[in-house]
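Lettering of chains follows the sequences in order, A, B, ..., and the numbering in each one begins at 1.
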Amino acid sequence: MISLIAEYGFLQNAIIGTLLASIACGLLGTIIVEKKLVMMSGGIAHTAFGGIGLGYFLNIEPIYTALGFSVFSALSIACIQRRSGVINDVLIGMFWPLGMALGIVFVSLTPGYPPDMTSYLFGDILTITKTDLIIMGGLDLILIITVTGIFKLLQAYLFDEEFSTALGLPVVLAETLTYIMIAITVIVLIRVVGIILVLALLCVPPALARLFKPNLAVIMGLAIVLSAFFCLAGLGLSYEYNIASGAAIVIFSVFVYAVFQLLRYLRSLFFRSNF
Amino acid sequence: MTEEMVEIQNVTAGYGQTAVLDNVNLLIEKGSFTGIIGPNGGGKTTLLKLMLGLIKPWKGQVKLLGYNPRKKRHCVGYVPQASTINMQFPISIRQVVLSGRLAGMKPFWHHYRHSDLKIVDQCLSRLDILDLAERQIGQISRGQLQRVLIARALAVQPAMLLLDEPTNGLDASASSHLYELLQKLNDEMTIIMVTHDTLAISAYVKDIACINRSLYYHGEPNISQELVLELYGCPVDLIAHGVPHRVLEEHGGIE
């Protein structure tokens, strides 16, 4: 395997790509899980599809339009929610398919052969290019700086929004930055697992990490390590058995989570006092 | 000279198109310990939210320490209902209380000062929870959580404490402990407390305000049966059984 990695540039790219994706995943996955924004993130991810369609239509690199599109929709969602008080769930149920529908319309309006969208929907880590890596690295840097920069504010916002507001903290800033970061994370992950499979990679590592009951920063670190492990293992499985990489990563990570929870359950049966 | 902590003038407020409060006037003076009582949906929590500037009145004016609540709310220690707290969140008790020191923070690269840590330690020991400081929020009892939330509010070093149903879910002994603690704190700061605990409230607070859409009564805690009938629509058990509290003045006539 090592010699293969040394030999093939695309494998090196794939490995660097998974590591870059893991950083975004661990940082934002933790925020999303703790603030119960998982479905919201799924919705934002799917609006990115509209951006990809727009990219093809305007003949621009789709990843840029996807980024713009998902940041824009994330901000609109945050704004609508704050102003109108529409139920979160209903809002997600609307913009999730709206993003997909727009994508399909844009693609069908694009002249010539319809492009192959599956790599954006399910990810294709083996086709990651140097340019992709540079974009992912740049976006990661933005995420790292923002999360570490506003960490105390973020923690207060995530734990008790009402108290933070009553204290006069810039809660709206925290919320806005969180939504923008979710949109950025989706774009970082699109190449690795794709729009449809993003959710699993955002949920599973922090969900596993928080079982050890550490603090927020440790969960983030642990989630980064875990998602790197899932991605690399998934990549290995995909290479070994010749299956789609995104699917391999998702199936493997959910499988590990299920096994872990089962072991916990069995342990609790035998050692009732352990809680 | 008395000083007004909260001044509510002709306030009408609500959510959507439903008015919850109608033309309410209320003055809270410095040093008072006011219990706000009233039925569910009567607007007690709305009143608290108005004082904190979390919602805006439709009509009328709310002043906190003489200013718009948004300008002065960092001078208030807010203790929300314990049921709103996310007990699954990965945070230690010390970190929770430390967040009370964030008032006026800069959003980026904020660091706690040494004095912040000291204040937090004082607040923790004042509420007898210093030994819980490193525990996770999910590993403490309801009574302890209530203390943590009060410690966080005290860490703000507030001029006034606002509590939303602090004894919900506490047993009788924990409740009276809490009330005694609040009575002590009242020597240093103004306290406003929303509660359902009509039994105990009159024994501890200095004033009560009865709210049901509008303000029915504000003054000394000698609630008459007539007032309660008007407020709740049915007689509420006001007499603490076997507890030697000053609860009610004598009243005859109701058979």
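Interface residue B/Pro107: backbone and side-chain heavy atoms are both found under 4.5 Å from chain A. Heavy-atom distances place the side chain of B/Gln95, and not its backbone, under 4.5 Å from chain A. With a 4.5 Å cut-off on non-hydrogen atoms, B/Ile137 touches chain A through its side chain but not through its backbone. Looking at A/Ile150, both its backbone and its side chain come within 4.5 Å of chain B, counting heavy atoms on both sides. Only the side chain of A/Leu173 has a heavy atom closer than 4.5 Å to any heavy atom of chain B. Using a 4.5 Å cut-off between heavy atoms, A/Thr148 touches chain B through backbone and side chain atoms alike. In this structure, chain B has heavy atoms under 4.5 Å from both the backbone and the side chain of A/Leu158. With a 4.5 angstrom heavy-atom cutoff, A/Pro214 touches chain B only via backbone atoms. Using a 4.5 Å cut-off between heavy atoms, B/Lys49 touches chain A through its side chain atoms alone.
Classification of the A/Phe163-B/Tyr78 ring pair by plane angle, with boundaries at 30° and 60°, yields parallel.
Within 6.0 Å of atom OH in A/Tyr64, 12 or fewer heavy atoms from other residues, nucleotides or ligands are found, so the atom counts as exposed in its surroundings. With a 6.0 Å radius and a threshold of 12 heavy atoms from other residues, nucleotides or ligands, B/His218 has its NE2 atom above the threshold. Other residues, nucleotides and ligands contribute over 12 non-hydrogen atoms within 6.0 Å of the CZ atom of A/Phe151. For B/Arg142, the CZ atom is densely surrounded, since the number of other residues' heavy atoms within 6.0 Å is greater than 12. Crowding of B/Tyr15 atom OH: a count of heavy atoms from other residues, nucleotides or ligands under 6.0 Å exceeding 12.
Contact record, A/Leu169 with B/Leu102: CD2-O, 3.2 Å, taken as the closest heavy-atom pair. In terms of heavy atoms, A/Ala166 sits closest to B/Leu54 at N-CD2, 4.1 Å.
Side-chain contact check for B/Met105 versus A/Leu153: some heavy-atom pair is nearer than 4.5 Å. Residues A/Asp160 and B/Arg152 meet the side-chain proximity criterion, which asks for heavy atoms closer than 4.5 Å. Within the 4.5 Å cutoff, side-chain heavy atoms of B/Pro90 are placed close to those of A/Glu34. Proximity of A/Phe159 to B/Ile85: side-chain heavy atoms (C-beta onward) are separated by under 4.5 Å at one or more points.
Ranked by non-hydrogen atom pairs under 4.5 Å with chain A, the options B/Gly100, B/Pro158, B/Gly77, B/Cys75 are led by B/Gly100.
One finds the CZ atom of B/Phe89 at 8.0 Å from the CD1 atom of A/Ile219 (value rounded to the nearest 0.5 Å). Separation of atoms CG (A/Asn215) and CD (B/Gln136) is listed at 7.0 Å; rounding is to 0.5 Å. Atom CD of A/Glu162 is separated from atom CG of B/Leu52 by 8.0 Å, given to the nearest 0.5 angstrom.
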